[in-house]
Amino acid sequence: MNILFVDASARKDSRTKILADYLLSKLKGNIETIKLSSQKLMPLDEQSLAKRNALIGQKRFDDPMFNNAKKFIAADVIVICAPYWDFSFPAMLKTFIEHINVGGLVFKYGQNGEIISLCKAKTLYYVTTMGGYNPTDFGFGYIKALANTLYGISDTRLIKAEGLDIIGNDIDAILKKAKTEINNINF
Ligand SMILES: Cc1cc2nc3c(=O)[nH]c(=O)nc-3n(C[C@H](O)[C@H](O)[C@H](O)COP(=O)(O)O)c2cc1C
């Protein structure tokens, strides 16, 4: 089992990372980590997009620009760690997505224009923690939509802890409850 861990946490004591590490300790397999705060990916711009389009046109996927995408398509399980920021997730995760969503590598179009996934993974775990309580989550909702369409992953699972920045809340108890939910997952 190849597990790809996409870490979009941004703090040393990240609660999201604590939960993601707990989940990873329960999964069996080789873990490859992509720590986005270390990669410092830049959003695609005119220059990088032109370079990428030229490489895609020549099917030159050996360029390092495609390394993350190649790790993504080869993984059996994907674990995304993303704190809830501004109703979704940190921009570095969106930048990662821009970089991996490469036509001809991660997905392709069929003869009738249908999307055909080129990813191996069947399960994606999305781990998040939130300062408050949020009925709208454009973070997981967005990743789930991508997984269901481009990545061909129908089994998407959300692990979340809410209310961590509410004064008076028992943070340890909230994290413990989330860990119990992880314990109860049918891996
Ligand atoms: C830039 C930023 C934006 C945030 N936006 C929200 C938000 O929209 N809603 C919310 O409930 N909490 C928000 N929070 C609080 C975080 O979701 C919360 O503190 C979370 O537990 C942080 O995860 P971490 O401990 O892994 O860093 C935000 C925090 C930061 C730093």
Side-chain angles (χ1 to χ4, degrees), residues 2-45 48 67-69 71-72 75-101 121 123-151 153 155-185 187:
N2 289 319
I3 301 159
L4 181 65
F5 177 41
V6 181
D7 180 6
S9 65
R11 300 189 313 113
K12 193 166 76 62
D13 300 318
S14 163
R15 285 87 56 101
T16 321
K17 175 79 163 38
I18 290 170
L19 289 184
D21 283 341
Y22 189 75
L23 170 66
L24 289 167
S25 76
K26 304 281 169 188
L27 294 171
K28 290 181 182 63
N30 301 319
I31 301 168
E32 166 120 36
T33 300
I34 295 178
K35 184 155 182 58
L36 293 177
S37 62
S38 302
Q39 280 208 351
K40 303 201 186 307
L41 294 172
M42 293 299 289
L44 291 173
D45 60 13
S48 54
N67 284 354
N68 282 342
K71 286 177 186 171
F72 196 88
D76 297 298
V77 176
I78 313 279
V79 176
I80 296 178
C81 165
Y84 188 79
W85 279 15
D86 306 314
F87 285 23
S88 62
F89 45 64
M92 59 184 149
L93 179 56
K94 179 64 174 70
T95 305
F96 171 81
I97 291 163
E98 266 180 22
H99 279 256
I100 65 164
N101 286 356
T123 305
L124 181 148
Y125 295 91
Y126 187 88
V127 184
T128 193
T129 67
M130 303 174 166
Y133 302 96
N134 298 279
T136 41
D137 180 356
F138 297 110
F140 176 63
Y142 173 67
I143 296 293
K144 185 179 164 76
L146 281 175
N148 290 171
T149 52
L150 286 192
Y151 309 147
I153 303 172
D155 185 15
T156 54
R157 305 184 189 200
L158 173 64
I159 291 145
K160 87 174 166 184
E162 294 177 277
L164 293 183
D165 294 342
I166 307 281
I167 292 166
N169 275 359
D170 184 341
I171 309 305
D172 289 341
I174 295 170
L175 293 177
K176 197 172 166 199
K177 182 168 165 276
K179 286 180 179 174
T180 304
E181 283 165 19
I182 292 171
N183 290 341
N184 291 335
I185 292 174
F187 291 107

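We count ligands from 1, going down the list as the structure has it; atoms in each ligand are counted the same way. All values below were derived from every heavy atom in this structure, side-chain atoms included, with hydrogens, water molecules and symmetry-related copies excluded. On a predicted model such as this, the values are computed, not experimentally measured, just so you know.
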Which of the numbered atoms in ligand 1 are under 4.0 angstrom from any heavy atom belonging to [X]?
X	result
G131	10 (C), 11 (O), 12 (N), 15 (C), 16 (C), 17 (O), 18 (C)
L164	21 (O)
S14	24 (P), 25 (O), 26 (O)

**Message:** Could you check whether atom NZ of K176 has more than 12 heavy atoms from other residues, nucleotides or ligands sitting under 6.0 Å from it?
**Reply:** no
Say whether, by atom type as modelled, one donor and one acceptor occur between the side chain of [X] and the main chain of [Y] under 3.5 angstrom.
X	Y	value
H99	M42	yes
T149	A145	yes
D76	N2	yes

**Prompt:** Angle class for the F138/F87 ring planes (parallel below 30°, perpendicular above 60°, tilted otherwise)?
**Reply:** parallel
Closest non-hydrogen protein atom to [atom], residue and atom name please, with distance?
atom	answer
atom 15 (C) of ligand 1	D165 OD2, 3.2 Å
atom 27 (O) of ligand 1	R11 NE, 2.8 Å
atom 5 (N) of ligand 1	D86 N, 2.8 Å
atom 11 (O) of ligand 1	G132 N, 2.8 Å
atom 13 (C) of ligand 1	Y84 O, 3.4 Å
atom 21 (O) of ligand 1	T129 OG1, 2.7 Å

Test of proximity, [X] against ligand 1: N or O pairs below 3.5 Å:
X	result
P83	no
F87	yes
W85	no
Y133	no
K17	no
D13	no

**Item:** D155 vs Y125, side chain to side chain donor-acceptor pair (under 3.5 Å): CA-CA, chis, key distance, verdict
**Value:** CA-CA 8 Å; D155 185 15; Y125 295 91; 5.9 Å; no
**Asked** Quick one: are F96 and N68 in side-chain contact, heavy atoms under 4.5 Å?
**Response** yes
**Request:** May I ask you to test the I80-T128 pair for a side-chain heavy-atom distance under 4.5 Å?
**Result:** no
**Asked** How does T16 reach ligand 1, by side chain, by backbone, by both or by neither, if only non-hydrogen atoms under 4.0 Å count?
**Response** both
**Salt bridge flag under 4.0 Å for residues K177 and D170** = no
**Message:** Run D137 and K144 through salt bridge (charged side-chain N to carboxylate O under 4.0 Å, His left out) and show every step you take.
**Reply:** CA-CA 11 Å; D137 180 356; K144 185 179 164 76; over 6 Å; no
